[in-house]
Amino acid sequence: MINEIRDLEKQSRKLEPTIEKRTLWNQKVQAYADHFLDDFNHHHTFVESKDPGKQIFDFPIEEQGKPIEPVLKCLRENVDTPHINPASGGHFGYIPGGGVYMTALGDYLAAVTNRYTGIFFACPGGVRMENYLLRWMCNMVDYPESALGNLTSGGSMANLIAITTARDAKGIRARDIESCVVYMTHQLHHCVQKSLRIIGMSECIIRYIPMDDQFRMKTELLEKKVSEDRAAGLNPFMVFASAGTTDTGAIDPLEDIGIIAQSNDLWYHIDAAYGGFFMLSDKYKALFQGTALSDSITIDPHKGLFLAYGIGAVLVKNTNALYQTNQYTAHYMQDAIELDEDPSPADLSPELTRHFRGLRMWISLQLLGVAPFRAALEEKILLCRYFYKEIQKLGFEVGPYPQLSVAIFRYIPESGDPNAFNQTIIEKVKRDGRIFLSSTTIEGVFWIRFAVLSFRTHLEQVDLALKILKEISC
Ligand SMILES: *Cc1c(COP(=O)(O)O)cnc(C)c1O
């Protein structure tokens, strides 16, 4: 048996690469990353190719490992080249972000040390670090010091956690669901409906409140609907606002909704996944007046803080409510339950073992400070306003004046279907590849979206977008 153990040990020790091997791999990976970043001007934002990524299937995982060169080549050709390049400053589709480099340093260290940040006992410093970041965001949205939340994988998970907490805090049981009412606009992000279904609430009543011509909730109609529902014996329990919708960046009247929520005892959730970090700027913070009245907020560092994908946050004013929904224990955890000086992420979210995602955010903010993030956000708003002005000079029709950094626009051709015409513009932009634009349909009208949120988007990229749109539409 000893011989067999020794033999297996020899094999399994390969899992711990030697310093020589580590150095070699680090150098190659570093060179790959540097090439990716420094070669940026040659990158397209969209690359069309036949059977994109297909060779992944011809590159099997085998018994023995491969040298690093073909592995990185396979990655470059199949993964990092075809279709959308989200790291490009020419990315104006969906909600871009970019992925600041410091994210990679944080993730690298988090992976090497593999600290366990699910519970305080395992890594008090890591848990305190994440809670520090959450309190930093709570402070930004004017929540009290007792508020906390959770760093999630993204905004969808953050909304899911908020809705589950709201359900429990309002004491809603399975048999009550059919009489429960939630309020939102048609511009609220679709992950909310998805969350309602996941947590077994798809049978609740959803009231879509009409919007004004800037796609913001008409709060007088909210108030009316809530009273009608209550009079009809239903249970209005939750209202959602958007602080920066995905389609147009619209911000609902947050304060008015908060007042209605308070007087009607509704759980008030704000989805600020896209827009929340604009609150870092005193110039734009007033747009978000009323966040203090909410019970929970979703905000995505992988959007407005430009971190690489994989970090969102839910902020909850009543930490105890969040705890009540998520705290469970088991006998095999008995050593871990002691001296909880700071709440553990495992008690405030569905996750137990998790990525130490706080480190990437902390190290980015520590190394750069807040100032460049704030400047970048202010720059994006101005770039969007600039685009909004310039695109009209090219004969395009525009939607409402952008509240944040998303504008919608379209071209009305002299004849033919405008929706089809604008669809063609999107196709042509994609084929050109230097920039990427996505579209949306609002009340049957096809709009092209111009979302400025990549930290690599500057005047140069916006001018390029205008130039391409001019070429294509003429
Ligand atoms: C992006 C977005 C979401 C979803 O967040 P993910 O991080 O993609 O899961 C939710 N709400 C809004 C307003 C968003 O822009």
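Side chains are part of it too, since the values below use all heavy atoms of this structure and drop only hydrogens, waters and symmetry mates. Note that ligands are numbered from 1 as they come in the structure, with each ligand's atoms numbered from 1 the same way. Just so you know, these numbers come straight off a predicted model, no measurement behind them.
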| task | Could you tell me if the ring centre of F396 sits under 6.0 Å from that of F409? | result | yes
| Any chance the side chains of S405 and Y274 put a donor and an acceptor closer than 3.5 Å? | yes
| said: Assess whether a salt bridge exists between D265 and K170, defined as any Lys/Arg side-chain N lying under 4.0 Å from an Asp/Glu carboxylate O. | reply: yes
Are there any protein N or O atoms under 3.5 Å from the N or O atoms of ligand 1? List them with distances, or say none.
from     : atom 1 : to   : atom 2 : distance (Å)
ligand 1 : 5 (O)  : G155 : N      : 3.3
ligand 1 : 5 (O)  : S156 : N      : 3.4
ligand 1 : 5 (O)  : D300 : OD2    : 3.4
ligand 1 : 7 (O)  : G155 : N      : 2.7
ligand 1 : 7 (O)  : D300 : OD2    : 2.7
ligand 1 : 7 (O)  : H302 : NE2    : 2.8
ligand 1 : 9 (O)  : G155 : N      : 3.3
ligand 1 : 9 (O)  : S156 : N      : 2.8
ligand 1 : 9 (O)  : S156 : OG     : 2.6
ligand 1 : 11 (N) : D271 : OD1    : 3.2
ligand 1 : 11 (N) : D271 : OD2    : 2.6
ligand 1 : 15 (O) : T246 : OG1    : 3.1
ligand 1 : 15 (O) : K303 : NZ     : 2.8

| query | Per the side-chain hydrogen bond (donor to acceptor under 3.5 Å, both in side chains) rule, which among N159, T245, T246 passes with D271? | reply | N159
| field | Any donor-acceptor N/O pair, Y268 side chain to I259 backbone, under 3.5 Å | value | no
| field | Side chains of T353 and Y116, donor plus acceptor under 3.5 Å | value | yes
